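Here's the structure we're looking at; comments come further down.
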Amino acid sequence: MDVSHILDSLNTEQREAVTADAGPLLIQAGAGSGKTRVLTHRIAWLNQVEGVSPFSILAVTFTNKAAGEMRTRVQELLNSSIGPMWVGTFHGLSHRFLRMHWKEAKLPQAFQILDSEDQKRMVQRSIRGLDLDETRWPPRTAMWYINAKKDEGLRPEHIRDEGDPTELQLIQIYKAYQTACDLAGAVDFAELLLRALETLRDNEELLQHYQQRFQHVLVDEFQDTNTIQYAWLRLLAGQHSSIFAVGDDDQSIYGWRGAKVENILNFSHDFPGTHVIRLERNYRSTGTILKAANSLIEYNSDRLGKNLWTDIGDGDPITFYSAYNEGDEANFVIERVMDHINTGGSRSETAILYRSNAQSRVLEEALFRSGLPYRVYGGMRFFERMEIKDALAYMRLMSLADDDISFERAVNQPPRGIGDKTLGQIRNAAREAGVSLWHASAEILAANALKGRASKAVGEFMKLIIKLRQETADMALDSMVEHIIEHSGLLEHYKKDRSDKGEARVENLQELVGAASTPPEVPDDMPDMTPLDAFLSNAALEAGENQGDEWEDCVQLMTLHSAKGLEFPVVFITGMEQGLFPSQRSIEESGKVEEERRLCYVGVTRAERKLYLTMAEHRRLYGKDHFSAPSKFISEIPSEHLQEIRPRMNVSRPMLQTPQRKAATVRDDNKTGLTVGQRVRHSKFGEGTVTDYEGQGAHARVFVNFESVGSKWLVMAYANLEVLSTA
DNA sequence: TTCTTACCTCTTTTT
DNA sequence: GAGGTAAGAA
């Protein structure tokens, strides 16, 4: 058989991985070493050379984008559809499993998926139901707790009682929340995985079937798996399947949401006879960029260790620019983007990366002024918009009336006279009877327990849902959506809002009709699923693109996290400031800086030809002023690879004038001799920058951002600060 | 009940 | 700076 189309484009190590015998395999794949290529070619090899049926192959990734890309590339290689092969995200495949086996999973057939916002509301409802003070038990925190436990595979009853009252209360909230979810037939993201795992584990027959079926399990981005995902993999792979894991411990950047790099280290123990292959040859970046990345990541301990190399030459040095403020930083970036375009490059070859989404605003404003088209990744996505979620709530209620979150959302949107008081009565009745809001409403109405007006409104609402369900039963999905937004009153409601926002909402609602005209593909193994449920699940699992015009040639803006897996000829990493990147939080918690460094490593290795690192000495963020030293990561890149550009002296410094003047007043008042922005040295904490002040005379305190220990308030009278320079 | 306003907190990353 | 909540007015 001719296998050249599978092997010809591969180097020795890649080929070794692709053609390896059955058995556990761990591929340590460095950035840009062709890991997706190895994965897809492995699948092609298994199918075309080893004769493995697509039916027996499962390949899993983290993002929809990666899954989609894998699917496309495999189809290209096989020159046919992937058919019954399971290729998708952990969440997508778990969802598929639960739809197929909803009975065994003890879920209603039309179970609904809660996105993060739905989940937060559900948690909030549970907290209120327990009569707890929301300021003491913020829904956000409780939600994080619940998700963290689920990611560990823990149910409330599994959590060890340490006698900590805070934790005990959180466990109670978790319990109440889970009860509410089960009652409503709602499943959150973490639950998809946990429920699938439990169902598989507790059903010998199912387990046997799937373990026998999936002879080959392939995982991408293995370093990002959390406890439950790893357990899921181990259970599915069983004793006899071949597991093929591709990952890079240096690119583990999701520790904060439970990812365990340790899974890579434990792999060889858990799968005896594991063969490890390293891919260190990089096909993406210049020698300079790789050397910088290698040096940077060397500062981390606990690495498996690897060194990227290339033979394409060193290329340009990395440029470092220290701007006066974020506006200056943005202008510098834009000028360099313009340079790139003027020398024949395209806009989409440039990417501007940042640590947090809040940083994008200034960049966007500057890009807008310069007339450069750009595209921002992240932020609000289509199916997360308020008006879209309103419409989806109606659709979800039509599919499953017990969905309490959708009930609460739709019941008075548009306003129909069902206020807090009425809703409160319904909630209480539901809680007491242990039934859904829908169910409780019906009983309250039957018992005539509401005042005339409220009673009428609730009755009309319920009739509306039933009527919508009947009227749309035989409609195509898009006509259905059109009918719903029209007859629910949502469209009219938003049309009344004459502002730009209102107009945009109306447009989005109309776009939802368009989205429904191309419903998602339902795999053959989920025959029970209605097009409506398929559409709703898809909306939750793939919240859609954020802002469009993908086809247009534009500058790419995104966080460092969302840049993982991508590559660009020209990359800017902005906000290279101590306290921002690495973030203040990571500096304060020991051991967290390593993950930030890996994030930086990810950013650096995105660049193919040219990398720019920029910082702003002064930045306004969240309405506060920050004066920062350069990120420590800058100093961890060997200076021979760095070329520092000095700011031009004729640039005005408007942002600096206000704090300076303010500081001047302080100087007169408290005679500290210090100004905001000034460099100082403390005998214990080392060097830092004054970022704020407070009080006068003997009580005067200054806020100093120290490079080594972060920001601290110091009383002038005791601090004994040594002044290093004037601001 | 609904709409408006003032105040408060909380700021990373996302399936 | 935004988003959410609470309180007050129509």
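Only a predicted model underlies this, so the values are computations on that prediction, with no experimental measurement involved.
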Has A:Arg361 got a side-chain N or O lying under 4.0 Å from the OP1 or OP2 atom of C:dA2? yes
Among C:dT5, B:dT1, B:dT15, which nucleotide sits nearest the side chain of A:Gln124? C:dT5
What is the nucleic acid contact for A:Arg416, judged by heavy atoms within less than 4.0 Å: base, sugar-phosphate only, or nothing? sugar-phosphate
Nucleotide C:dA6, atom C1' - distance to CZ of A:Arg128 in whole Å: 11 Å
Hey, does the side chain of A:Ser583 come within less than 4.0 Å of B:dT13's phosphate (OP1/OP2), counting only N and O? no
Residues of residues 555-565 of chain A with any non-hydrogen atom less than 4.0 angstrom from an atom of DNA chain B: list those, numerically ordered, please. A:Thr559, A:His561, A:Ser562
Salt bridge (charged side-chain N to carboxylate O under 4.0 Å, His left out) between A:Arg620 and A:Glu326: does it pass, once the steps are laid out? CA-CA 8 Å; A:Arg620 254 188 100 82; A:Glu326 66 270 41; over 6 Å; no
Quote, to the nearest angstrom, the P distance that separates C:dG4 from B:dT13. 16 Å
Scan A:Thr422 against the nucleic acid and name what it touches under 4.0 Å (heavy atoms): base, sugar-phosphate only, or nothing. sugar-phosphate
5'-most contact on DNA chain B (nearest-nucleotide basis), A:Ala454 vs A:Glu384, goes to A:Ala454
Have a look at A:Asp224 and tell me which of A:Lys564, A:Arg257, A:Arg598 forms a salt bridge (charged side-chain N to carboxylate O under 4.0 Å, His left out) with it. A:Lys564
Specify the separation, in whole Å, of atom NE2 of A:His95 and atom P of B:dT15. 16 Å
C:dG8: pairing nucleotide in any strand, Watson-Crick or G-U under 3.5 angstrom: B:dC3
Mind checking whether A:Gln578 and A:Ile587 have side chains closer than 4.5 Å, heavy atoms only? yes
Are A:Asp182 and A:Arg195 close enough for a salt bridge, meaning some N to O gap below 4.0 Å? yes
Presence of salt bridge, A:Lys150 and A:Glu191, under 4.0 angstrom: yes
Measure the distance from NZ on A:Lys496 to C1' on B:dT2 and round it to the nearest whole Å. 11 Å
As a test of reading the structure: which of B:dT15, B:dT11, B:dT13 is closest to the side chain of A:Ser356, going by heavy atoms? B:dT13
Given atom CD of A:Glu221 and atom C1' of B:dT13, what is their separation to the nearest angstrom? 15 Å
Round to a whole Å and report the spacing from CZ of A:Arg619 to P of C:dG1. 14 Å
B:dT11, OP1 or OP2 - any side-chain N/O from A:Gln584 closer than 4.0 Å? no
Between B:dT2, B:dT13, C:dT5, spot the one nearest the side chain of A:Trp144, thanks. B:dT13
Are the side chains of A:Lys65 and A:Leu566 in touch, meaning some heavy atoms are under 4.5 Å apart? yes
Residue A:Pro415, side-chain heavy atoms: nucleotide from B:dT15, B:dT14, B:dC3 that is nearest: B:dC3
Salt-bridge present (A:Lys389, A:Glu117; N to O < 4.0 Å): yes
Tell me: CZ of A:Phe90 to C1' of B:dT14, nearest whole Å? 15 Å
Distance, rounded to the nearest Å, where A:Asn147 contributes CG and B:dT14 contributes P: 15 Å
Pairwise side-chain contact, A:Arg361 with A:Glu365, heavy-atom cut-off 4.5 Å (strictly under): yes
Under 5.5 Å centre to centre and under 30° between planes: does that hold for A:Trp256 and the six-membered base ring of B:dT13? yes
Between A:Asn357 and B:dT11, is there a side-chain N or O to OP1/OP2 distance below 4.0 Å? no
How many whole angstroms separate atom CD of A:Glu117 from atom P of C:dA2? 18 Å
